[in-house]
Enquirer: 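This is the structure I want to talk about, given as structure tokens.
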Amino acid sequence: MPVITLPDGSKREFSAAVSVMELAQDIGAGLAKATIAGRVDGNLVDASEKNSVDATVQIITIKDEDGLHIMRHSCAHLLGHALKQLYPDAKMAIGPVIDNGFYYDIDSEIAISEEDLAKIEKRMLELAQTKYQVVKKITPRAEAIQIFTARKEDYKLELIADMPAETEFGLYYHQEYIDMCRGPHLPNMSFIKALKLTHVAGAYWRGDCSKKMLQRIYGVSFASKQGLKDYLLMMEEAEKRDHRKLGKLLGLYHFDEVAPGMAFWHTKGTTLYQVVENYMREQLAQSDYEEVRTPLVMDRAMWEKSGHWDKFKDNMFTTETENRDYAVKPMNCPGHIQIYNQHLRSYRDLPVRIAEFGLVHRNEPSGTLHGLMRVRAFTQDDAHIFCTQAQIKTEVQACIDLVYSTYADFGFDNIQVKFSTRPKVRVGSDAVWDLAESALEETLKDAKLDYSLLPGEGAFYGPKIEFQLKDCIGRVWQCGTIQLDFSMTQAERLNAVYIGSDNEKHHPVMIHRAILGSLERFVGILVEHYEGKFPTWLAPTQIVLASIAGVHNEFVQQFAKKLKKSGFRVESDLRNEKVGFKIREHTLQRVPYILVIGDQEIENGTVNVRARGGVNLGSMNFEDLSRLLLNDVSKLGRVVTQVPV
RNA sequence: GCCGAAAUAGCACAAUUGGUAGUGCAACUGAUUUGUAAUCAGUAGGUUGUAGGUUCAAGUCCUAUUUUCGGCACCA
């Protein structure tokens, strides 16, 4: 006699075990029709699952987040169902839910092309429209093995083999198609109304590059056709922000076959880059760093000693001359230790903070290159802080503070924090790693940051905190990082020392930190974040002066000269074109201010100010305009909502 | 690196079953002297990523290669 408590607190009593679906029918036919699954005492279950004891039950419909999730998961099954009809020899691996959608990994001799997706999608929708019922059968282990053996589903068998403790498995019957899953799933495929298979790509079985590469079919699905439409439109809009497209359109940088993964910065891109770099340089000065420059190429022996050669040589560019081997630096730390070691340090000198806008080269695998986000040559706003163990917390905290104030100035407020611990390939003893990890995590906790753990993702010399930002389509990129290193300074590595108050030699702890990370990547993120509509302090060209006719050109040039003298980045457009044409071009170039100058302005000694977004701020003289511009520049990127559109 | 796809004028794109490589913008020349998102006319621009091959004939088919794109693995 189960008593079921509903979320509103009301209770219903049943004479026998009752399923979620039966409960929904008891409440009303409409609800039953909308029922996807249930949450019984907090656990998600299929709508068909019987419950014989007292419980709290929530009915899940497509309107619930869980309902949408379940529907997407069932979409993966539907994909399997359709795919096996079209490609009977395909073997199904795994088909989980991801953000906005789902994928299924399959193994097939036949390569599925993007064109084939439309065909599969069509079959999926046809199958969904038959409104067939999904039947779940809890199946004993031996029988499940028998079923998948008969069906030649090798990957399902491997999954079963990897769960030796399980005695039974949930098999979902989609007409003739059978999939194995914990569930829950839709009771009926007609809930699926809006889906699209988006792309197909390779993916290693179980994410292991030593295993076979499967074909992964990605799809998205929504509760309504409008939801899908909105999503596709949003993606289309997001792709317009792509820094590779905008970089070309705005004349910021380009890439060339002669140097794959290395940017050619054009003058406007260079300006943007320098504004970012100089901003950071100012922060360094305020935070008591000393800036240095170290060689790009250093003797291979030094890299062997530092541990880089052993752990990192596959990613290093090398060169050789006069029978001596060199490597191009992939990191700045060894160079900074050379500078640290140039004189004997006292404990009174610590912490020593050595910073460099360090150009590093890393021979990244060809398949990883991605615009400015993943390159082979990039400049880190790098620094190494040499300190005592007692100083770690204060120094790490200062770095965290610098990350947050910097990101706020650039207009970012959505920052993901990750804490990465010891990787398989590493230097240093476990005792040292214990020390480093706990020191870093403790600071992270004290800073009250919301972070997630990435076990095994640390640097080879120490654990790290990562600060990640998202690109236009939601891909996450690591930018800032703080890494704790007890190893590199040891005698057997690069042997950095200081004399302690006990008059003995000690090895300092080294904190590796970058705030922006790579200047290249950070600029790429900035381009996408602002869609090229940079706040005035960052805009490569801040002001364009447009003359109406040739007779106005002299005044324009004088006015432009005055603005330049005041430190603004100014262009004059004196071309023999209509002012509408000029405005269109500079609007497309996302210039924050366009100054229009004709007879009226010259007569009054003013300029007519058109702000980005088409707002006419009226005519003003040089002093008023300077005040306006200075005020705008001083805001940096902090007030995101006030960026002109 | 792995799987799949793509590469045509400075840029964005066309080019039937293999049959004379085009259009728009940009560039250049001329006219126009212009008031807040495109003035008009004309001219020029290409070994179709590179290297081979098949064919009477290749942008199109085949092979190799480079780069790019989407993922995967990697990411100090």
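In the text below, chain A, chain B and the rest are named by the order of the sequence lines, each starting its count at 1. Note that these values count all heavy atoms, side chains included, but never hydrogens, waters or copies made by symmetry.
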Enquirer: When we call it a touch if two heavy atoms are under 4.0 Å apart, what does Glu239(A) touch: a base, just sugar-phosphate, or nothing?
Expert: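 No contact.
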Enquirer: Taking the six-membered ring of Phe460(A), is the NZ or CZ of Arg426(A) close enough (under 6.0 Å from the centre) and on axis enough (within 45°)?
Expert: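 Geometry flag: not set, cation outside 6.0 Å or 45°.
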Enquirer: What I want to find out is whether Glu395(A) reaches Arg353(A) closely enough, with some N-O distance under 4.0 Å, to be called a salt bridge.
Expert: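 Yes, charged N to carboxylate O under 4.0 Å.
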Enquirer: Considering only NZ, NE, NH1 and NH2 on the basic side and carboxylate oxygens on the acidic side, decide whether Arg475(A) and Glu528(A) come within less than 4.0 Å.
Expert: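 So Arg475(A) does not pair with Glu528(A) through a salt bridge.
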Enquirer: rC11(B) P sits how many Å from Leu246(A) CG, rounded?
Expert: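 Distance check: Leu246(A) CG to rC11(B) P gives 16 Å.
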Enquirer: Heavy atoms from C-beta onward define the side chain here; which of rA73(B), rU39(B), rG4(B) lies closest to that of Lys578(A)?
Expert: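 Closest of the options to the side chain of Lys578(A): rU39(B).
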Enquirer: Does Lys211(A) have a side-chain nitrogen or oxygen under 4.0 Å from the phosphate oxygens OP1 or OP2 of rC72(B)?
Expert: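 The answer is no; no side-chain N or O of Lys211(A) sits under 4.0 Å from OP1 or OP2.
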Enquirer: Using a heavy-atom cut-off of under 4.0 Å over every strand shown, decide if Arg610(A) touches base, sugar-phosphate, or nothing.
Expert: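 Base: the residue Arg610(A), judged by heavy atoms under 4.0 Å, touches a nucleobase.
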Enquirer: Using a strict threshold of under 4.0 Å (side-chain N to carboxylate O), is an ion pair present between Glu239(A) and Arg244(A)?
Expert: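 Not counted as a salt bridge, because no side-chain N and carboxylate O are separated by less than 4.0 Å.
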Enquirer: Please give the distance between the P atoms of rA57(B) and rG53(B) as a whole number of Å.
Expert: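 Approximately 12 Å lies between the P atom of rA57(B) and that of rG53(B).
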Enquirer: Measuring only the C1' atom in each nucleotide, how far is rG22(B) from rG46(B)? A whole number of Å is fine.
Expert: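 It comes out at 11 Å once rounded to the nearest Å.
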Enquirer: Select one nucleotide: of rG35(B), rC75(B), rG71(B), the one nearest the side-chain heavy atoms of Val596(A).
Expert: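 Nearest to the side-chain atoms of Val596(A), counting from C-beta on, is rG35(B).
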Enquirer: Tell me whether the side-chain N/O atoms of His199(A) come closer than 4.0 Å to OP1 or OP2 in rC69(B).
Expert: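 For rC69(B), neither OP1 nor OP2 has a side-chain N or O of His199(A) closer than 4.0 Å.
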Enquirer: Which nucleotide, if any, forms a Watson-Crick or G-U wobble pair with rU54(B), using both distances under 3.5 Å?
Expert: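 Paired with rU54(B), as far as the under-3.5 Å criterion goes, is no nucleotide at all.
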Enquirer: Let's test this: given Watson-Crick or G-U wobble pairing with both distances under 3.5 Å, identify the partner of rC72(B).
Expert: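 With both distances under 3.5 Å, rC72(B) matches rG1(B).
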Enquirer: For the side chain of Arg244(A), starting at C-beta, report the closest nucleotide among rG70(B), rC74(B), rU68(B).
Expert: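 It is rG70(B).
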Enquirer: Looking across every strand, which nucleic acid part, if any, lies under 4.0 Å from Val579(A) by heavy atom: base, sugar-phosphate, or nothing?
Expert: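 The residue Val579(A) makes sugar-phosphate contact but no base contact.
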Enquirer: Among the candidates rG35(B), rA73(B), rC75(B), find the nucleotide nearest to the side-chain atoms of Tyr204(A).
Expert: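 Shortest atom-to-atom distance from the side chain points to rA73(B).
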Enquirer: Quick check for you: among rC3(B), rG35(B), rA37(B), whose closest atom lies nearest to any side-chain atom of Gln600(A)?
Expert: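 Shortest atom-to-atom distance from the side chain points to rG35(B).
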Enquirer: Counting side-chain heavy atoms from CB outward, which of rA73(B), rG35(B), rG71(B) is closest to Cys209(A)?
Expert: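 Per side-chain heavy atoms of Cys209(A), the pick is rA73(B).
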Enquirer: Using atom P in both nucleotides, what's the gap between rC11(B) and rC69(B) to the nearest angstrom?
Expert: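 Here rC11(B) and rC69(B) have their P atoms 15 Å from each other.
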Enquirer: On a plain distance test, is the side chain of Arg521(A) in donor-acceptor contact with the base of rC75(B) below 3.5 Å?
Expert: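 No, the side chain and the base share no sub-3.5 Å donor-acceptor pair.
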Enquirer: Taking atom P in both rC25(B) and rU43(B), what distance in whole Å separates the two?
Expert: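 Roughly 14 Å separates the two P atoms.
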Enquirer: Give Gly367(A) one of three labels, base, sugar-phosphate or nothing, depending on what nucleic acid heavy atoms sit under 4.0 Å from its own.
Expert: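 Here Gly367(A) touches the bases of the nucleic acid.
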Enquirer: Taking CD from Gln215(A) and C1' from rA5(B), how many angstroms apart are they, rounded to a whole number?
Expert: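 In whole Å, rA5(B) C1' and Gln215(A) CD are 12 Å from each other.
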Enquirer: On RNA chain B, check which nucleotide each of His552(A) and Gln478(A) is closest to and give me the residue with the more 5' one.
Expert: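 Looking at RNA chain B, the more 5' nearest nucleotide goes with His552(A).
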Enquirer: With a 6.0 Å cut-off on the ring centroids, do Phe412(A) and Phe467(A) count as close?
Expert: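 For Phe412(A) and Phe467(A), the ring centres are not under 6.0 Å apart.
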Enquirer: For rA14(B), which nucleotide is its Watson-Crick or G-U wobble mate, given both distances must be under 3.5 Å?
Expert: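 By the stated definition (distances under 3.5 Å), nothing pairs with rA14(B).
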Enquirer: For rU67(B), which nucleotide in any strand shown is its Watson-Crick or wobble partner with both distances under 3.5 Å?
Expert: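 Pair assignment: rU67(B) / rA6(B).
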Enquirer: With sugar-phosphate meaning primed atoms plus P, OP1 and OP2, does Ala203(A) contact a base, only sugar-phosphate, or nothing at under 4.0 Å between heavy atoms?
Expert: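 Contact class for Ala203(A): sugar-phosphate only.
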Enquirer: Which whole number of Å gives the distance between the P atom of rA21(B) and that of rG45(B)?
Expert: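 The same atom, P, in both gives a distance of 15 Å.
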Enquirer: Looking at Lys240(A) and Glu237(A), does any basic side-chain N land under 4.0 Å from a carboxylate oxygen?
Expert: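 The answer is yes: the pair qualifies as a salt bridge.
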Enquirer: Counting the atoms with a prime plus P, OP1 and OP2 as sugar-phosphate, which does Lys311(A) contact under 4.0 Å by heavy atoms, base, sugar-phosphate, or nothing?
Expert: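 Contact class for Lys311(A): none.
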Enquirer: Output the single nucleotide from rG35(B), rC72(B), rA37(B) whose closest atom is nearest the side chain of Asn608(A).
Expert: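 Closest nucleotide among those given: rG35(B).
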Enquirer: Counting only side-chain nitrogens and oxygens, does Ser366(A) get under 4.0 Å of the OP1 or OP2 atom of rG1(B)?
Expert: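 Answer is yes, contact under 4.0 Å.
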Enquirer: Tell me: CZ of Arg206(A) to C1' of rC72(B), nearest whole Å?
Expert: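 Value for this atom pair: 16 Å.
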Enquirer: In whole Å, I'd like the distance from the CD1 atom of Ile548(A) to the P atom of rU36(B).
Expert: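 Computing the Ile548(A):CD1 to rU36(B):P distance gives 8 Å.
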Enquirer: What contact category does Lys582(A) fall into here, base, sugar-phosphate, or nothing, at under 4.0 angstrom with non-hydrogen atoms?
Expert: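 If one applies the 4.0 Å heavy-atom cut-off, Lys582(A) turns out to touch nothing in the nucleic acid.
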Enquirer: What integer distance in Å separates Asp256(A):CG from rG49(B):P?
Expert: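 Rounding to the nearest Å, CG of Asp256(A) and P of rG49(B) are 16 Å apart.
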Enquirer: Check every strand shown and say whether Pro330(A) touches a base, only sugar-phosphate, or nothing at a heavy-atom separation below 4.0 Å.
Expert: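 Pro330(A): base contact, heavy atoms under 4.0 Å.
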Enquirer: Select one nucleotide: of rC72(B), rG70(B), rA12(B), the one nearest the side-chain heavy atoms of Ala201(A).
Expert: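 That would be rG70(B).
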Enquirer: How far does the P atom of rU47(B) sit from the matching atom of rG10(B), given to the nearest Å?
Expert: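 Comparing P positions in rU47(B) and rG10(B) gives a spacing of 9 Å.
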Enquirer: Starting from C1' on rC72(B), measure out to OH on Tyr103(A) and report it in whole angstrom.
Expert: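 About 10 Å, once rounded to whole Å.
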Enquirer: Is Glu304(A) paired with Arg300(A) through a side-chain N to carboxylate O contact shorter than 4.0 Å?
Expert: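 Looking at Arg300(A) and Glu304(A), the cut-off is met.
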Enquirer: Could you tell me whether Gly550(A) contacts a base, only the sugar-phosphate backbone, or nothing, with contacts defined as non-hydrogen atoms closer than 4.0 Å?
Expert: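 Base contact.
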Enquirer: Which of these passes side chain to side chain contact (heavy atoms under 4.5 Å, CB included) with Glu121(A): Ile217(A), Leu197(A), Thr198(A)?
Expert: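 Only one option passes, and that is Leu197(A).
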Enquirer: Would you call Glu577(A) and Arg575(A) a salt bridge, using N to O less than 4.0 angstrom?
Expert: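 No, Glu577(A) and Arg575(A) are not salt-bridged.
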Enquirer: Roughly how far apart, to the nearest Å, are rG30(B) and rA12(B) at atom C1'?
Expert: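 The same atom, C1', in both gives a distance of 27 Å.
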Enquirer: Whole Å only: how far is the CD atom of Glu364(A) from the P atom of rC2(B)?
Expert: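 Distance, rounded to whole Å: 16 Å.
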Enquirer: Thr587(A) side chain: which of rC3(B), rA73(B), rA37(B) is closest?
Expert: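 The closest nucleotide is rA37(B).
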Enquirer: To the nearest Å, how far apart are Lys245(A) NZ and rG10(B) P?
Expert: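 In whole Å, rG10(B) P lies 20 Å from Lys245(A) NZ.
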Enquirer: Which is true for Asp208(A) with a 4.0 Å heavy-atom rule: it touches a base, it touches only sugar-phosphate, or it touches nothing?
Expert: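 No contact.
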Enquirer: With a cut-off of less than 4.0 Å, is there a side-chain N or O of Arg475(A) near OP1 or OP2 of rG71(B)?
Expert: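 For Arg475(A), the contact criterion (side-chain N or O under 4.0 Å from OP1 or OP2 of rG71(B)) is met.
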Enquirer: Mind checking if Phe255(A) touches a base, just sugar-phosphate, or nothing, with heavy atoms under 4.0 Å?
Expert: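 Counting heavy atoms under 4.0 Å across all strands, no contact is made by Phe255(A).
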Enquirer: Quote, to the nearest angstrom, the C1' distance that separates rC62(B) from rG18(B).
Expert: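 Taking atom C1' in both rC62(B) and rG18(B), they lie 13 Å apart.
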Enquirer: Which part of the nucleic acid does His512(A) contact within heavy-atom distance under 4.0 Å: base, sugar-phosphate only, or nothing?
Expert: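 Contact class for His512(A): none.
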Enquirer: Who is the Watson-Crick or G-U wobble partner of rC40(B), with both distances under 3.5 Å?
Expert: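 With both distances under 3.5 Å, rC40(B) matches rG30(B).
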Enquirer: Scan side-chain atoms only and decide if Asp632(A) and Tyr593(A) contain a donor-acceptor pair under the 3.5 Å cut-off.
Expert: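 Yes, side-chain donor-acceptor contact under 3.5 Å.
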Enquirer: If you assign each of Val609(A) and Thr368(A) to its closest nucleotide in RNA chain B, which residue comes earlier from the 5' end?
Expert: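 Nearest-nucleotide comparison on RNA chain B picks Val609(A).
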Enquirer: Have a look at Glu577(A) and say if it touches a base, only the backbone sugar-phosphate, or nothing, with a 4.0 Å heavy-atom cut-off.
Expert: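 Base contact - Glu577(A) has a heavy atom under 4.0 Å of at least one base atom.
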Enquirer: For a quick check of understanding: with a heavy-atom distance under 4.0 Å over all strands, which category does Phe581(A) fall into, base, sugar-phosphate or nothing?
Expert: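 Sugar-phosphate, backbone atoms only, no base.
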